[in-house]
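Worth knowing before you read on, the calculation uses all heavy atoms, side chains too, and leaves out hydrogens, waters and symmetry mates. Just follow the structure's listing: the first ligand is 1, and inside any ligand the first atom is 1.
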Amino acid sequence: MSSRTQRVLVIEDDQTIADVIRLQLEQDGLTVEVAPDGAAGLEAAAREHPDMIVADLLTPRMHGYEVIRRIRASHGTCRIPILVLSAQAYAADQRKAMQMGADAFLSKPFELDELGQTVRRILDTMRVRFWGVRGSIATPGPETVRYGGNTPCVTVETGEHQLILDAGTGLRKLGLTLAAEARGKPLSLSMLITHTHWDHIQGFPFFVPAFVPGNHIEVHGPPSVDKPLEKVLRGQMDPEYFPVSLGDMAADIEVHEIRERNFTVGGFAITARYVNHPGVTMAYRIECDDRVVVYATDIEPYKAQLSDASDTDGRRAEFGRQRDADLIDLIRGADLYIADSQYSPDEYQRKRGWGHSCYLDAVELALQAEAKRIALFSHDPMHDDDMVDEKLRTCLEVVAEKGSDLQVIAAAEGRIVELVRDDA
Ligand SMILES: [Zn+2]
């Protein structure tokens, strides 16, 4: 729950309804601004950047569908949650509003208690947002348009805190959003890097907030094999590779090497573990407000790697199983496990020892760790959208056969996973 007063923008042309909503939300400890029509609401959203918007659908000057579309299309407002209140109770209208980016829909007339609870639930929801989901190399193009071609970047967001996971090419668009949301105010940002393979750091030179004086950016990651982490980040911006050096970025950038298993970053409690991947790579368990996200990309389970044809008596597989126990502990009970799922079983046979997982092994780990949800992540650059669909279908079948209630999704650029508090 947030400790600062949260601000709600209400877009409602009926003054009586607006007053009733304002009274209810102010009683709940929120600050409320009312805009009397859609166009004024859109302006207020951009100017004030409220914590959430409550919007009527049939508003003068600009209807609610257009308001939702334009709010979602603008870098400065695209992350603001929207609750639609409407007398339009048709299922098709509700579906349309949700497709266009509304977070929830309440039909008028509504109970004031229900409104208060819905607003509180939306404000208290933890959101995990995918900005890049592709492994190895960016793969833009018509064949990856649904799942996205940018390399890893994820944000974990609560009402009060946010944490950036990895700085792949997806970071560029996040940077545009953060800069627009800031509206000139200084930003204080926290970033966790799993390792420094290209696909996890290539977005950093294009991260707009790093060029803004007054911004503060903390980057945390594992020490590299034989160089300080800062030197590796600096290296990709050597003049041979990039026109601007890390030292020329105007923000105050602090690079921290992770030495502890447990630490706190940007309001999140972190548990870090080394994982099996070439070089030095970490996976993270991220906890805040009773919710747990595990970010474990670029991992090859030891058991899978050691269960090769030479393991005739199964001793190597057993050794691998013991080594994987630490990773299973890290994932244990997670609300969301973001999992390396790069290869199909056939591909894995050809790419054993390349440092990535077969998606069936990722699901197996999630089942053993009793995670609630797994997001298949780090899609192979050779996998088009249809192949990712197929990967998801196969994993869903495996989970259904086992009778588990593990939820499986395939991570897609722009997708948001909402983690609601158990008591909400
Ligand atoms: Zn890697």
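Between the side chain of D385 and the main chain of V145, a donor-acceptor pair closer than 3.5 Å is present.
S245 and D248 share a donor-acceptor pair across their side chains, judged by distance under 3.5 Å alone.
The N, O or S atom of H197 with the smallest distance to the Zn ion (ligand 1) is ND1. Atom NE2 is the N, O or S atom of H277 at the shortest distance from the Zn ion (ligand 1). Looking only at N/O/S atoms, D298 comes nearest to the Zn ion (ligand 1) through OD2.
Coordination check, D199 versus the Zn ion (ligand 1): failed, since every N/O/S atom of the residue sits at 2.8 Å or beyond. In summary, no N, O or S atom of H356 is located under 2.8 Å from the Zn ion (ligand 1).
Of all non-hydrogen atoms in D199 and S136, the two that sit nearest each other are OD2-N, 2.8 Å.
When side chains are defined from C-beta on, V275 does not count as touching D340, because their heavy atoms never get closer than 4.5 Å.
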* Test log, rule ring-ring contact (aromatic ring centres under 6.0 Å, His included), inputs F206 and F242 -> CA-CA 10 Å; F206 298 88; F242 198 72; 5.2 Å; yes
